[in-house]
Number of protein chains: 2
Amino acid sequence: MSLKKLAEHLGLSPATVSLVINRSSVADSIPQDTKDRIFAAARKFKYRPNFLARSLRTQRSFTIGVIVPEVSDGYSASVMSGVEDYLLQEGYFYFVASHRHRADLIDEYPRMFLERSVDGLIAVDTPWHLNLSVPVVTVSGHNDVKGVTNIVLNHHRAAEVALKHLFHLGHRQIAFMKGQEFSSDTEARWANIARVAQHLGLTIHPRLVAQLEGDSPSPQLGYMATKVLLASREPFTALFAFNDISAMGAIRALRESGRHVPDDVSVVGFDDIQSAAFQNPSLTTVRQPLREMGRAAAEILLKRINRPGSELQEKHVVEPELVIRETTCPAPDGKRVPGKQRP
Amino acid sequence: MSLKKLAEHLGLSPATVSLVINRSSVADSIPQDTKDRIFAAARKFKYRPNFLARSLRTQRSFTIGVIVPEVSDGYSASVMSGVEDYLLQEGYFYFVASHRHRADLIDEYPRMFLERSVDGLIAVDTPWHLNLSVPVVTVSGHNDVKGVTNIVLNHHRAAEVALKHLFHLGHRQIAFMKGQEFSSDTEARWANIARVAQHLGLTIHPRLVAQLEGDSPSPQLGYMATKVLLASREPFTALFAFNDISAMGAIRALRESGRHVPDDVSVVGFDDIQSAAFQNPSLTTVRQPLREMGRAAAEILLKRINRPGSELQEKHVVEPELVIRETTCPAPDGKRVPGKQRP
DNA sequence: GTACTCAACTAAATCGCGTTAGTAAAGAGT
DNA sequence: ACTCTTTACTAACGCGATTTAGTTGAGTAC
């Protein structure tokens, strides 16, 4: 059912029908009963305007593109969930594409999105350097491209709550995991850990810093990184993992080496993915409000699309939250800071 | 950059440029050097045909709609990953929408997809009854709508491998979880469990069947269902959970009640999601090839879109696989079937 | 009676492309 | 010299809407 046929059936011109259906102010002078007739016919024939045609004409597709490392990864999926929540509610749809860390795809997909006339783009945990003709919002990462809004965690606070927690439990020999270089969070996270450690008077032993190796996040990466840590024979009583997934692998490696979690080694994760609470022992972790970050990304993007004039918000900072569960406890050697430990 | 401008710049008509770029056979008579000029100019101006216009004209959008219960749920996300894999490779893009079990959205989203001229639809774990004007493929579930292809697990085999495993380990008092009614898998799964149990001579005690209650899959649901099971005081030595997520909750509930997994109670999950392998103890589970199911869905859908004449494949069955890990062991009461136990 | 206003519409252009039917010019055949 | 083919294109319509700049007829003012 097209506008033209509907108009023909009504004995009106397509123009009139279009104006009425879109509630244009030009249609103000059209009498109510004509309008009613039009609406009635539209309902009767289940008329739905063709989005392609409308988008072609108006140059607005009400579609946005989302690029993520991998849809099935819990991090991306949680962010997407928030993005979707807001977009659908506002009548927008979205395309998704997973680049799987392939540089060519990271370049290509945004172009393909533009080819398909998206009104804007959201990039999740993806290094960004392009300057496109549509608004772009990135989630996570330290992107300094002019003109893109960045939704980012307060990394300083995240490092602070985690390290202070461990510090107050008496931990002094703390091992760390560094994320892969391609993750846009890696750098900011690490810089802040270093800063907070210094502030607390903690020294980070270089042999207690393990590098996560591998493309797709999997417990396996944390497992292997922890094996390296253990092989160095440098003692540690706590481990701050890069994320919950790698923490799971780490716990397994620790356990295989005969260490008990948390009695021998405390472990702190990052993200607070769903299953973190149901690990055994349940995971102490720094929660990132991923859904909220996705929602914020979508909201800010639509704002920028619909008010092109307004000044650009370069950063939107969200706050982490320490979720204390069962993988952390006082350090075994008893170097407790008097009066400061928490139960 | 549009066709028209490109043509103008070349001193040719848009028709010619279009024919050449689309490698139409009508362009056979056009000399190679003209073609070269056209391609060179297209590259120079980075000409990309406008998808909206092309789709409007050809009535093919190279876009498909995917409807899932919730993108951030691992099950949907894994299937989507497979779907995406195939679609992008074939030059298709896709919309996603999560219905979150709201009946109105399950109705509305497919309509909105059609409004946006998708060439086909994939529904993941979603009850289906509509008969649409485009090809539809559903993943999982027992949909008997004429004209839709259904990608489905061999549920009989799934029940068989799980129950035989437990049976051969000596388990006779086995507890079960039934999925929520809205999950399209629930019925087929349960029917087959009953069938296999009967075949093995196992009786299913009605008080050892717990119902999962709640919309979004979460360990919490399994936790609560297991609490109910325990409250019945009916003894059991094994538990077949509805999925891995609920198995995680179940293990916690069992542990809280003082039971040890697997020594007191063996647990079998379903799906084999990523974190199943990294639970402690790691989860024995019936693996569903979710990615492959997604890929198959996409592949079959595109086949149906591109060969509208070909006869309809109503079902595509995929095989489950038992992954034996650490949550199952011989039954404590020693009712082993001689010569049949596996280590 | 003329000019002006207003209500109720509509014609026509446009968005960017695909496609069919056709045309003009050159060459080939007789 | 005439017809026929072939080559190398192009005009024009349509896809399904939106939107601007009118048009028409009735009513009102003077």
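Order of the sequence lines sets the chain letters (A, B, ...), proteins ahead of strands, with each chain counted from 1.
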### Pair B:Ser81-B:Ser78, side chain to side chain donor-acceptor pair (under 3.5 Å): steps then yes or no
CA-CA 5 Å; B:Ser81 176; B:Ser78 293; over 6 Å; no
### Task
Please work out which of the three classes, parallel, tilted or perpendicular, describes the rings of A:Tyr109 and B:Phe93, given edges at 30° and 60°.
perpendicular
### Query
Is there a side chain to side chain donor-acceptor pair (under 3.5 Å) between A:Thr149 and A:Arg304 once you walk through the steps?
CA-CA 10 Å; A:Thr149 305; A:Arg304 287 188 50 197; 3.1 Å; yes
### Message
Can a side-chain donor-acceptor contact be found between A:Glu84 and B:Ser98 if the only test is distance below 3.5 angstrom?
### Response
yes
### Message
Keeping B:Asp271 on the side-chain end and B:Gln288 on the backbone end, is there a donor-acceptor pair under 3.5 Å?
### Response
no
### Query
For the side chain of B:Thr186 and the backbone of B:Gln180, is there at least one donor-acceptor N/O pair under 3.5 Å apart?
yes
### Query
Got a salt bridge between A:Arg291 and A:Asp85, using NZ or NE/NH1/NH2 to carboxylate O under 4.0 Å?
yes
### Task
Could you identify which residues of residues 16-38 of chain A place a heavy atom less than 4.0 Å from some atom of DNA chain D, listed by residue number, or say none?
A:Ser18, A:Leu19, A:Asn22
### Query
Under the side chain to side chain contact (heavy atoms under 4.5 Å, CB included) criterion, do B:Asp125 and B:Asp73 qualify, and how do the steps go?
CA-CA 11 Å; B:Asp125 195 20; B:Asp73 153 35; 6.0 Å; no
#### Entry: Axis deviation across the helix from C:dG1-D:dC30 to C:dT30-D:dA1, five-pair ends, to the nearest 10°
70°
### Query
Does the ring of B:Tyr47 carry B:Arg43 above it, NZ/CZ under 6.0 angstrom from centre and within 45° of its axis?
no
### Task
Assess B:Arg116 against A:Phe51: is NZ or CZ under 6.0 Å from the centre of the six-membered ring, and within 45 degrees of the ring's axis?
yes
### Message
Contact list please: residues 47-62 of chain A against DNA chain C, heavy atoms, distance less than 4.0 Å, in numerical order.
### Response
A:Leu56, A:Arg57, A:Gln59
### Query
In this structure, are over 12 heavy atoms from other groups packed under 6.0 Å from A:Glu181 atom CD?
no
### Query
For A:Ala123, which residues count as a side chain to side chain contact (heavy atoms under 4.5 Å, CB included) partner, sequence neighbours excluded?
A:Ile67, A:Thr126, A:Trp128, A:Thr138
### Along DNA chain C, first and last positions that approach a heavy atom of chain B under 4.0 Å
C:dG16 to C:dT19
### Task
Check whether any side-chain nitrogen or oxygen of B:Ser13 sits under 4.0 Å from OP1 or OP2 of D:dT10, and answer yes or no.
yes
### Task
Determine the contact category for A:Leu3: base if any of its heavy atoms lies under 4.0 Å from a base atom, sugar-phosphate if only primed atoms, P, OP1 or OP2 are that close, otherwise nothing.
base
### Query
Could you give all pairs that pass the side chain to side chain donor-acceptor pair (under 3.5 Å) test and reach residues 17-26 of chain A, with sequence neighbours left out?
A:Ser18-A:Asn22, A:Asn22-A:Arg54
